[in-house]
Amino acid sequence: MKCAGDIDTRDVEELYINIDPIQAGGRLTPEALKAVIAYGDGYSVCDNCRKPFRLDYIQKPPIADFHAELAEWLGMDTARVVPGARRGFQAVAGTYVEKGDPVLLTALSHYTEFVAIEQSGGVVREIPKDQRNHITAENTAEKIEEVTREFHKPPRLIFVEHVDYQYGHIHDIRGIARVARQYDIPVLLNGAYSVGIMEVNGKSLGVDFVVGSGHKSMASPAPSGVLATTGERAGEVFRTTGARGDVTGRTFGIKEVEMMGCTLMGVTLMGMMASFPVVKERVLHWDREVAHSRIIAAALESIEGTTILSDMPRDHSLTRVNTIGSFDRVAQTHKKRGFFFANELKKRGITGVIPGSTRVWKYNTYGLTEAQVRHVATSFIEIAGENGIPVR
Ligand SMILES: *Cc1c(COP(=O)(O)O)cnc(C)c1O
């Protein structure tokens, strides 16, 4: 079946158990799917936009209420929707960073954080990870001192991942924020792998900004996300325009500079809003997701030559695994080479592992049912067994 021309319809989520590391938390709810159809037209949320003409003031559909609920849910004072977590990083960097200012990221930061700092003219320095692949308060303090010596001023901002994309490790945000506070450096929490799947409270973590990704972890269409701030920072990041046309004398009221006025004007926002009640409920059941992640990690670890590179026992659904001593050994002599592994998974209705990769790879068990978890765990063990890899 085609959407049009050469564009196939997509049926991955209908036909397969998808353990793709970046897709699991963004899978739409049935409610969001309905909103996608109803609000697919451009500017579809603008039917009832009235003075002062800004997205977050619209009452019908209840966009204004959604903004207030988002802020409260994240334990922050103000929230805006943004086209992806990266646009949240960009807004914060654009507000605070001047050319040549040092900004701290981490050894586990995502490329979008680097690009946001680059765009603002800042200079990135990374907080090193420790031997356990964690970002610690101690390394943060040391890096602040080092950067202050190098630049003769402290870092302008610290961006830190609540959960990083490489290992799925949960980092000591409270400790890091406590250190940052001693130096008066604002902290941005990158919640791309936490907001929408785990409970997140920015105030109790002690951060100034919380950024989330709608399409990564909030069961929302792309590109969508959230930027929430403390009251103190809101006036800075969400400052309104002072622009004035020299010929026409026009001014533009309360449009916010970093938000380019309005952000998500249709299907993305309505998808986020439609999924929000389910998302609020699902974060309360994170323990179930952790239990599922542990079942699959245990199955993989029972396969000789396989090591889980993420923290064990698992405390997140995103996991990095090394199968150089198991599935990659099979790949050396298999007629399909490394592709045998993804093929065998696909035969069993499982997708999301990059075809050809049998060395170090990642998977995400978020959102699977009990039965699906058992099937995935059994499938890894079966594939090992059928290819002569001992299973303990
Ligand atoms: C996916 C990801 C991002 C980017 O999120 P977008 O919403 O696509 O901009 C940023 N940081 C981390 C850690 C991520 O995993």
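Small disclaimer: the values here were computed from a predicted structure and weren't measured. Read the numbers this way: they start at 1 and go in the same order the structure lists the ligands and their atoms.
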Query raised in the report: With atoms numbered from 1 as shown, which atoms in ligand 1 lie under 4.0 angstrom from a non-hydrogen atom of Tyr193?
Result: 15 (O)

Query raised in the report: Does Asp164, backbone or side chain, put an N or O under 3.5 Å from an N or O of ligand 1?
Result: no

Query raised in the report: When you measure from atom 7 (O) of ligand 1 to each heavy atom in Ser109, Ser213, Gly212, which option holds the nearest one?
Result: Ser213

Query raised in the report: N/O to N/O below 3.5 Å, does that happen between Asn190 and ligand 1?
Result: yes

Query raised in the report: Starting from atom 9 (O) of ligand 1, which protein heavy atom do you reach first, and at what distance in Å?
Result: Arg86 NE, 2.7 Å

Query raised in the report: Which residue holds the protein heavy atom closest to atom 14 (C) of ligand 1, what is that atom called, and what is the gap in Å?
Result: Lys216 NZ, 2.8 Å

Query - N-O pairing of Glu370 and Arg288 below 4.0 Å - result: no

**Report entry** Salt-bridge contact Arg239-Glu256 (side-chain N to carboxylate O under 4.0 Å)
**Finding:** no

Query raised in the report: Where do Asp47 and Lys60 land on the salt bridge (Lys or Arg N to Asp or Glu O under 4.0 Å) test, with the steps shown first?
Result: CA-CA 8 Å; Asp47 296 336; Lys60 195 174 150 27; over 6 Å; no

Requested in this report: Kindly assign one of parallel, tilted or perpendicular to the pair His134 and His169, based on the angle between their ring planes and the thresholds 30° and 60°.
Outcome: parallel

Query raised in the report: Cationic tip of Lys335 within the cone over Phe340's six-membered ring, i.e. under 6.0 Å and within 45° of the normal?
Result: no

Query raised in the report: In terms of the angle between their ring planes, are Tyr193 and His316 parallel, tilted or perpendicular, with boundaries placed at 30° and 60°?
Result: perpendicular

Query - Proximity flag Ile22 to ligand 1, non-hydrogen atoms under 4.0 Å - result: no

Report summary line: shortest atom 4 (C) of ligand 1-to-protein heavy-atom contact is with His110 CE1, 3.6 Å

Query raised in the report: What atoms of ligand 1 come within less than 4.0 Å of a heavy atom belonging to Tyr165?
Result: 15 (O)

Query raised in the report: Is the closest N or O pair between His215 and ligand 1 shorter than 3.5 Å?
Result: yes

Requested in this report: For Gly84, take its heavy atoms, then give the atoms of ligand 1 lying under 4.0 Å from any of them.
Outcome: 7 (O), 9 (O)

Query raised in the report: Does Ala85, backbone or side chain, put an N or O under 3.5 Å from an N or O of ligand 1?
Result: yes

Report task. Flag this pair as yes if the NZ/CZ of Arg320 is under 6.0 angstrom from the six-membered ring centre of Tyr167 and inside a 45 degree cone about the axis; otherwise no. Result -> yes

Query raised in the report: Looking at Phe89, which atoms of ligand 1 are within less than 4.0 Å of one of its heavy atoms?
Result: 10 (C)

Query - Cation-pi, Tyr57 ring and Arg50 (6.0 angstrom, 45 degrees) - result: no

